[in-house]
Visitor: 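Below you will find the structure I want to go over with you.
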2 protein chains.
Amino acid sequence: MTTKYSSSKENYLKAIFHLQETSGIVTTNDVAAELQTRPASVTDMLKKLKAQKLLLYEKYKGFRLSNDGRKVALQIIRKHRLWEYFLVEKLRFGWDEVHEIAEELEHISSKKLIDRLDEFLGFPKTDPHGDPIPDSQGRWVQVQQVPLTELPLNTPAEVSNITDQSSEILELLNHKNIALGSRMEVKKKFSFDNSLEIKMRNSHITISAELAKNILVKKV
Amino acid sequence: MTTKYSSSKENYLKAIFHLQETSGIVTTNDVAAELQTRPASVTDMLKKLKAQKLLLYEKYKGFRLSNDGRKVALQIIRKHRLWEYFLVEKLRFGWDEVHEIAEELEHISSKKLIDRLDEFLGFPKTDPHGDPIPDSQGRWVQVQQVPLTELPLNTPAEVSNITDQSSEILELLNHKNIALGSRMEVKKKFSFDNSLEIKMRNSHITISAELAKNILVKKV
DNA sequence: AATAAATTTTAGACAAACCTAAAAAAAATC
DNA sequence: GATTTTTTTTAGGTTTGTCTAAAATTTATT
């Protein structure tokens, strides 16, 4: 019953899902920007996705994924994140190197492959950036997380996600000894530049507003 | 320096390499049969491969891989066989289930990925069918092997390759307790049906001519 | 060597996924 | 509410890889 879709279609579904989750509403221009393509190409594809009942779409009126489209998108995200986990945990890749490779691997079609991989990896709950991995039924747990900028003072929390995935942010985080799971507390907020003073296990450090925005934490 | 080629081009290079190795000479019709496509489509692709200097080709005169084409083909074979090994050894797939999945995985482009995978697997020399895995330079060892039908009487040998990759042959081999590495000796050949009497570790068994043709052995 | 058969190539089409330029519709601004 | 701007869609074209049918070439047969 698992129909096969082209890599291109899968990329559209994933992009639409992603935009839907973050911004709520999705536009043709947004999708074009996300996929580095042209609005005209997006319209072409929207029609095809509608014809396959993966998308609810009325021209000029907007669009959103159908239930089926959502299911397909979640399976691609599952594959992407499991492969990222594999690359980092088993093949010792850096955090910042895995995205592109996973963009290719996520289109491998075998369901059995991905379920076996999941098992081999010990059914991980999140990928190396802290993003949740949907299970084989497409279910996932969205943890209650906030940007470090919004964490109240003196509240113990744990790093659960890094929004930016560049190697530049990785360099900085490594330098400051911050990783997924690191415990921290905000001790002071400076209104001049919105920088934060952070208490970590054995040290106090300063974090810029720019960096803090990209660190999501959950209270512990 | 590693140029990217389409999956389709890679499949042609692999097919031509394969035919070149087994039959010596390759024809348009052979390639069409191997790839389940039409001769006209093959001719189209031969021109493109020639334009990219992957193939030495003169129309109506035949063709063969250039050095570059050979290198590309070997890298795809390397990827295919490493993934097969991974699927069988790490994800517990059966021997007969892995080919199709590896057909997809072999087109993932990252060289670093495949070299890391090789390392993770412990630099295996052969895939689960006994076919040699080229190293990252494209070097490979072709073991001296013959079909069981051509092994002289009373000569100790070891199963090194199974030519056929179907699940039917696997079923039969499992039943007879034959696997890669099994030791055997041919004790008698029956000219009536060309069947063989084989001595194994603790038993004597009979093998049909049809099966024996598909079992390659190396002398020990 | 002439003819028949098989193989290979060309010519012209098609589908998927993209593009540019222009038209249509919706949203923003005066 | 009319006009300008932005967004979205259509129309028509390109590339890659495929196809069928017909033509060119080679090989086999008499």
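Computation of the quantities below employed the complete heavy-atom set of this structure, encompassing side-chain atoms and omitting hydrogens, waters and symmetry-equivalent molecules.
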Visitor: Between A/Met45 and B/Glu58, just flag the one whose closest nucleotide in DNA chain C comes earlier from the 5' side.
Guide: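 Final value for this comparison: B/Glu58.
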
Visitor: Without hydrogens or angle criteria, can the side chains of A/His107 and A/Asn11 be said to hold a donor-acceptor pair below 3.5 Å?
Guide: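 A donor-acceptor contact under 3.5 Å links the two side chains.
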
Visitor: Taking for each residue the nucleotide of DNA chain C with the nearest heavy atom, is it B/Tyr57 or A/Tyr60 whose nucleotide lies nearer the 5' end?
Guide: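 Of the two residues, B/Tyr57 wins.
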
Visitor: Report the nucleotide, chosen from D/dT26, C/dA17, D/dT8, that has the shortest atom-to-atom distance to any side-chain atom of A/Thr27.
Guide: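 It is D/dT8.
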
Visitor: Picking from D/dT7, D/dT16, D/dT9, which would you name as closest to the side chain of A/Asn29?
Guide: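 Selected nucleotide: D/dT7.
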
Visitor: Among the candidates C/dC18, D/dT8, D/dG17, find the nucleotide nearest to the side-chain atoms of A/Tyr12.
Guide: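 Minimum distance to the A/Tyr12 side chain belongs to C/dC18.
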
Visitor: Nearest to the side chain of B/Arg38 - D/dT8, D/dT20, C/dT10?
Guide: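 In terms of side-chain proximity for B/Arg38, the closest of D/dT8, D/dT20, C/dT10 is D/dT20.
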
Visitor: Between C/dT8, C/dC18, D/dT9, which one does the side chain of A/Pro39 approach most closely?
Guide: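 Among C/dT8, C/dC18, D/dT9, the one nearest the side chain of A/Pro39 is D/dT9.
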
Visitor: Closest to the A/Lys61 side chain: C/dT9, C/dA17, C/dA26?
Guide: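 The closest nucleotide is C/dA26.
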
Visitor: Between D/dC19 atom C1' and B/Leu35 atom CG, what is the distance in whole Å?
Guide: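 Result: 15 Å.
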
Visitor: Nearest to the side chain of B/Ala40, heavy atoms from C-beta on, is which of D/dG17, C/dC19, D/dT20?
Guide: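 Of D/dG17, C/dC19, D/dT20, D/dT20 is nearest to the side chain of B/Ala40.
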
Visitor: Among C/dT8, C/dT9, C/dC18, which nucleotide has an atom closest to any side-chain atom of A/Thr37?
Guide: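 Closest nucleotide among those given: C/dC18.
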
Visitor: For the pair A/Lys111 and A/Asp115, find out whether any cationic side-chain nitrogen is under 4.0 Å from an anionic carboxylate oxygen.
Guide: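 A salt bridge is present here (some side-chain N lies under 4.0 Å from a carboxylate O).
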
Visitor: Just by modelled atom types, is the A/Lys218 backbone N or O under 3.5 Å from a matching donor or acceptor in the A/Gln144 side chain?
Guide: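 Pair absent, no side-chain N/O of A/Gln144 close to backbone of A/Lys218.
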
Visitor: Please state how far atom CG in A/Leu49 lies from atom P in C/dC18, giving the value in whole angstrom units.
Guide: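 After rounding, the reported distance stands at 11 Å.
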
Visitor: When you measure from the side chain of B/Thr43, which nucleotide among C/dC19, C/dT8, C/dA17 comes out closest?
Guide: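 In terms of side-chain proximity for B/Thr43, the closest of C/dC19, C/dT8, C/dA17 is C/dT8.
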
Visitor: Considering only NZ, NE, NH1 and NH2 on the basic side and carboxylate oxygens on the acidic side, decide whether A/Lys219 and A/Glu158 come within less than 4.0 Å.
Guide: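 Looking at A/Glu158 together with A/Lys219, the answer is no, because their closest N to O distance does not fall below 4.0 Å.
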
